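Reviewing the structure listed below.
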Amino acid sequence: MGNLKIKELDSIGYVDNRLKSIVINTIAKHFKHHTNEDIISILIHIRDNPDTYVNDAIKSKIALAFISEKHDLPANEYQLMQTLTPIKIYGADEIEDAAKQQMALALSLPISIQGALMPDAHSGYGLPIGGVLATRNAVIPYGVGMDIGCRMTLTIIDADEKFLNRYDHQIKKVLFSDTHFGMEGGLAVAQYHEVLDDSRFKATPLLKKLHGKAIKQLGTSGSGNHFVEFGMIKLADNNTLGLPGNSYMALLSHSGSRGLGANIARHYTQVAMDTCKLPRQAQPLAWLNLDTEAGQEYWLSMNLAGDYARACHDRIHANLLKTLGLKALHKTENHHNFAWREKLADGAEAIIHRKGATPAHEGELGIIPGSMATPAYLVAGKGNTDSLNSASHGAGRAMSRQEAKASMTGSALKKTLAAAGVTLIGGSMEENPSAYKNIEAVMAAQTNLVSIQGKFMPRIVRMNNE
DNA sequence: ATGTCC
């Protein structure tokens, strides 16, 4: 740093030793060719306007340290920022205020860079469902969610509607015998997938402990809105899959990482909340710095849970197709509860949290389901950077689970299903189609984010009982 | 979402 003296730092208010060492390191790394005069004027500007630098790739470290020093906070305590972090909201009219407020709170974290709210958004714990958040070198366990790697898999099958109609009875039987939903019991046939041999299961005491549970639950589905269903998909002409724009039988599944991911999420949320202190209302958004051991452990564990969730879908699809003697033509899959290291529009690297959001980079295929009696859409991303390359993960809840239960009777649901030509095996009132927003309206709110490649209509749906 | 506090 040329001949800038420590005394000069003192004279401009950089007195704290931690602050000084960050400044010295930053200067040595990034401001080698600046004059002392320039450096001092930059430091004074950061000192007087720290909030405006919290998103700066280089100067944010100084700004954050300065803010924490100024407020006389310990190194692990943080204040919320007043600066407005960029946010784009899609389908704002249909999104409840509580979800927007949660997103605004998330954007006031000093680690937040950019955010987006998808048209199916509703309030969740910490980050709203349908929330996308870019942060700098930190991961928020509640920004990923409790079901790490909750995801979709669609297999387009080499069969037409005649097969679905002719083998209706067998399909129902297999959807009952070859899937497992809920917490008790498991599949009749022992499952294997190479993910079970993954060495990451030996990386931490927690993962070692969870390995047995992962073995038992491989190939099972969860509860709530999780499903496995057969239906028909009509592909668009000139779709990007390279398949003729015909109608095909298809298998669609929605589930996550079961007990493995839930335990990882619970454990590291606690670690984050113990080690990253925030104002009370923001505490669920506590993060793990990715340079710390806990941050790296979570990152490894989250990725393993994601791979495990994928393996569960792989087993489900392989089991059902094998029993029914069917052949896959094409497979589409995507996580919608996960975090990725990605580049932002300006080239800066960020951690992108998608909590109930579909990755939608240019050309990337994904699946956006409606409900048990409404279409799911096979989409290709448009790479819209305002949405952080994301789209909705479904139609989104219009009613709480309680409201949904209270507003629907068994006979009314039967009528809805019959009108849609859907057979439901298991399922609950909480998942009734009217508890969800209109999927067509949600799709209309994100035409700048994805293009529709195919429309899937469920025919035989398996969900958890109750 | 989750053997819903091993």
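These figures come from a predicted structure and were not determined experimentally. Throughout, a chain's letter reflects where its sequence line sits, starting with A, and its residues are numbered from 1. Atoms considered below: every heavy atom in the structure, side chains included; atoms not considered: hydrogens, waters and symmetry mates.
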Open item on the list: Testing A:Thr220, A:Asn263, A:Asp147 one by one against A:Arg258 for a side-chain hydrogen bond (donor to acceptor under 3.5 Å, both in side chains), which residue passes?
Closed with: A:Thr220
Task: Axial cation check for A:Phe176 ring with A:Lys172, 6.0 Å and 45° limits - done: no
Open item on the list: Does anything in residues 195-204 of chain A form a salt bridge (Lys or Arg N to Asp or Glu O under 4.0 Å)? List the pairs, not counting sequence neighbours.
Closed with: A:Asp198-A:Arg200, A:Arg200-A:Asp307
- [ ] Apply salt bridge (charged side-chain N to carboxylate O under 4.0 Å, His left out) to A:Arg136 and A:Glu349, showing your working.
- [x] CA-CA 8 Å; A:Arg136 192 177 303 290; A:Glu349 198 172 75; over 6 Å; no
- [ ] Give a yes or no on whether a salt bridge exists between A:Glu94 and A:Lys437, defined as a side-chain N under 4.0 angstrom from a carboxylate O.
- [x] no
Open item on the list: Taking the ring centre of each residue, are A:His336 and A:His254 less than 6.0 Å apart?
Closed with: yes
Open item on the list: Under 4.0 Å, heavy atoms only, any strand: does A:Gln217 hit a base, just the sugar-phosphate, or nothing?
Closed with: sugar-phosphate
Open item on the list: Using a 4.0 Å heavy-atom cut-off, does A:Asn263 contact any base of the nucleic acid, only the sugar-phosphate backbone, or nothing at all?
Closed with: nothing
Open item on the list: Need two values: the first and the last nucleotide of DNA chain B, 5' to 3', having an atom under 4.0 Å from any heavy-atom of chain A.
Closed with: B:dA1 to B:dC6
Open item on the list: So A:Gly256, base contact, sugar-phosphate only, or nothing? Heavy-atom distance under 4.0 Å.
Closed with: nothing
Open item on the list: If you assign each of A:Lys209 and A:Met146 to its closest nucleotide in DNA chain B, which residue comes earlier from the 5' end?
Closed with: A:Met146
